[in-house]
2 protein chains.
Amino acid sequence: MSTKSTTAVLAFEVVKTACSNCNLRELCLPIGLEADELKKLDELVSTRRRLKRGDYLYRAGQGFESIYAVRSGFFKTDVLIEDGRDQVTGFQMTGELLGLDGISSEVHSCNAIALEDSEVCAIPFSHLEGLSRQIHTLQHHFHKVMSREIVRDHGVMMLLGTMRAEERLAAFLLNLSQRFKARGYSPAEFNLRMSRDEIGSYLGLKLETVSRAFSRFQDEGLLSVHQRRIRILNTAGLRRLMSHQRG
Amino acid sequence: MSTKSTTAVLAFEVVKTACSNCNLRELCLPIGLEADELKKLDELVSTRRRLKRGDYLYRAGQGFESIYAVRSGFFKTDVLIEDGRDQVTGFQMTGELLGLDGISSEVHSCNAIALEDSEVCAIPFSHLEGLSRQIHTLQHHFHKVMSREIVRDHGVMMLLGTMRAEERLAAFLLNLSQRFKARGYSPAEFNLRMSRDEIGSYLGLKLETVSRAFSRFQDEGLLSVHQRRIRILNTAGLRRLMSHQRG
DNA sequence: TCATCGGGTTGACGTGGATCAAACGCAGAG
DNA sequence: CTCTGCGTTTGATCCACGTCAACCCGATGA
């Protein structure tokens with residue numbers, strides 16, 4: 001678990017399955033809803049599902065019915081093509097949504113896999129559409145979430161298309177750091193839930209290259225790295241490195 | 001202009017600005033709407049806008065108000081970061097939507113630029129949200145469009161992360177071919193609206209590499225290339241090349 | 001205690017694509 | 001018609017990252 005700097009997001013073991021009760025509601029779909037609207041949303045989130053590390057939340061090819069909100073834990077999504085190649089398309093943490101890719105064709109287009117024991121709220125999509133016809137705020141928020149996913153993907157495309165290895169890793173770490181921070185955890189110290197191989201897949205690099213970049217960052221005093229435990233020592237340095245013109 | 005194999009999608013110079021009149025309605029937002037619903041949609045599309053080659057439809061940083069449906073012409077979108085690097089994130093043709101990236105933050109996150117003289121329908125987003133609260137079909141279709149954009153982006157990430165230069169170009173050409181075909185144009189012969197540099201930017205390659213790949217394809221009898229005019233001679237060959245395991 | 005195993009690190013070497021540079025060819029201007 | 005300029009092609013060289021291989025380290029279990 002990451003070092004926490006506040007306790008706001010902890011204490012996951014609440015009894016009732018209800019958005020109105022959920023301490024994630026500032027991160028998740030219910031953002032900005034009124035009390036009565038929140039109550040309606042409660043009916044929406046029908047199922048909670050627990051997954052163990054390594055479990056699939058869904059697989060590419062499976063019929064799409066629900067999107068999922070990560071309640072606790074950590075996921076990766078990946079796509080694979082016939083010839084065996086695959087790529088990690090994202091890592092999802094608390095409060096983030098999974099499954100948006102399935103809307104377009106009624107079939108999931110990627111795998112979603114728990115990287116640690118996790119819990120999700122299943123949100124039947126047709127219900128969500130129904131409710132968002134009633135609640136403008138919910139509708140608009142949902143549209144924003146989808147759009148944000150598109151913008152995020154553009155960022156990854158940028159990273160894959162124009163950045164060199166160390167820049168990619170710096171960008172990745174800064175992004176993780178910022179997301180941990182937003183959840184009340186330390187932005188400077190955390191441990192990675194994913195392997196070097198998975199990071200490499202996400203960043204379009206081989207695991208050896210990722211490992212070497214970590215070592216270099218450590219040598220330069222930007223990070224301390226012990227296995228999957230990361231401590232960011234020089235955020236500004238990472239940021240500078242990231243936005244340095246190649247050459 | 002691309003060689004047309006049917007005339008279904010031509011004759012853009014209709015008088016009335018109305019979805020119900022538009023010969024693109026099988027490609028665009030109105031898919032699957034009933035006549036009376038289509039009539040409501042007509043009121044939605046308030047503005048038509050003409051652009052000359054090189055004109056910006058919108059710029060990164062501008063406030064977001066509308067999404068745009070390409071009525072005729074060809075666009076690219078690109079993002080840039082402070083240090084001057086930029087990347088083309090997509091090419092949009094007839095019937096495709098532009099501006100979805102702006103929903104998340106109420107501000108456009110990329111530039112959209114016409115690659116030839118073009119025309120778009122502006123769809124005020126708040127109106128679209130309003131109408132899609134009334135028309136389930138429209139709502140669902142819009143969600144599918146957004147989701148499809150996410151899936152498309154995952155495909156590009158895959159391409160950028162795992163494919164080598166020639167595979168990327170093959171994938172790009174096959175994708176273009178298929179989109180031309182869907183619009184009633186020849187899938188085998190078309191001319192590119194974008195420069196080698198823009199293709200390279202999209203594919204994460206330098207323009208020289210793109211040019212060399214074109215030459216190689218020509219040498220191997222897969223294509224004939226004259227400037228921007230492309231003729232696909234061996235689709236299966238391209239497809240095979242695309243999905244060949246590296247090494 | 002040691003053996004095993006999977007993930008991680010490190011080194012040596014090869015290569016695909018970037019970089020640098022020159023020449024080409026088509027289009028528009030005079 | 002030639003001149004000019006930009007997009008493209010092609011060649012020579014370089015280098016970042018991939019590949020292959022050895023080794024390390026912490027966890028697990030007999």
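Just the heavy atoms: all of them, side chains too, but no hydrogens, waters or symmetry mates, feed the values below. In what follows, chains carry the letters A, B, and so on, assigned in the order in which the sequence lines appear, proteins first and then strands, with residues in each chain numbered from 1. These numbers come from a predicted model, not from an experiment.
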Close N or O pairs between protein and nucleotides 20-27 of chain D (under 3.5 Å):
{"residue": "dC20(D)", "atom": "N4", "partner": "Glu208(A)", "partner atom": "OE2", "Å": "3.2"}

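Surrounding CZ of Arg49(A) are more than 12 heavy atoms belonging to other residues, nucleotides or ligands, all under 6.0 Å away.
In the set dT9(D), dG8(C), dG17(C), dG8(C) carries the atom at the smallest distance from any side-chain atom of Arg196(A). When each of dA18(C), dG7(D), dA16(D) is scored by its nearest atom to the side-chain atoms of Ser195(B), the top-ranked nucleotide is dG7(D). Distance from the side chain of Val225(A) is smallest to dT9(C) among dG17(C), dT8(D), dT9(C). Minimum atom distance to the side chain of Ser215(B) is reached by dT10(D), of the listed dT10(D), dG18(D), dT9(C).
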Mind running side chain to side chain contact (heavy atoms under 4.5 Å, CB included) on Phe91(B) and Arg193(B) for me, showing each step along the way? CA-CA 9 Å; Phe91(B) 298 105; Arg193(B) 271 63 168 185; over 6 Å; no
Taking it one step at a time, do Arg85(A) and Glu167(B) satisfy salt bridge (Lys or Arg N to Asp or Glu O under 4.0 Å)? CA-CA 13 Å; Arg85(A) 279 181 285 196; Glu167(B) 294 171 332; 2.9 Å; yes
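Distance, Glu166(A) CD to dG18(D) P: 13 Å, rounded to whole Å. Between Leu203(A) atom CG and dA16(D) atom C1' there is a gap of 16 Å when expressed in whole angstrom units. Atoms CD1 (Ile199(A)) and C1' (dT9(C)) sit 14 Å apart, rounded to a whole Å. When rounded to the nearest whole Å, the span between CZ of Arg168(B) and P of dG16(C) equals 14 Å. Distance Leu160(B) CG to dC17(D) P: 15 Å, rounded to the nearest Å. Nucleotide dG8(C) holds its P atom 15 Å from the CZ atom of Arg229(A), rounded to whole Å. Here dA18(C) presents its P atom at 17 Å from CE of Met163(A), a figure rounded to the nearest Å. Between the CZ atom of Arg164(B) and the C1' atom of dA16(D) there is a distance of 15 Å, rounded to whole Å.
Counting any heavy atom pair closer than 4.0 Å across all strands shown, Gly204(A) reaches sugar-phosphate atoms only and no base atom. Using a 4.0 Å heavy-atom cutoff across all strands shown, Leu205(A) reaches sugar-phosphate atoms only and no base atom.
Using a distance-only test at 3.5 Å, with no hydrogens or angles considered, no donor-acceptor pair links the side chain of Arg48(A) to the main chain of Cys121(A).
Classified by interplanar angle (parallel below 30°, tilted 30° to 60°, perpendicular above 60°), the ring pair His108(A)/Phe64(A) is perpendicular.
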Donor-acceptor list for residues 231-238 of chain B side chains, cut-off 3.5 Å, not counting sequence neighbours:
{"residue": "Asn234(B)", "atom": "OD1", "partner": "Ala236(B)", "partner atom": "N", "Å": "3.4"}
{"residue": "Asn234(B)", "atom": "OD1", "partner": "Gly237(B)", "partner atom": "N", "Å": "2.7"}

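For Thr209(B) and dG17(C), the shortest distance from a side-chain N or O to OP1 or OP2 is not below 4.0 Å. Arg228(B) has a side-chain polar atom (N or O) that falls below the 4.0 Å cut-off from OP1 or OP2 of dT8(D).
Ionic pairing of Glu96(B) and Arg148(B) is not present here: no N-O contact between side-chain nitrogen and carboxylate oxygen is shorter than 4.0 angstrom.
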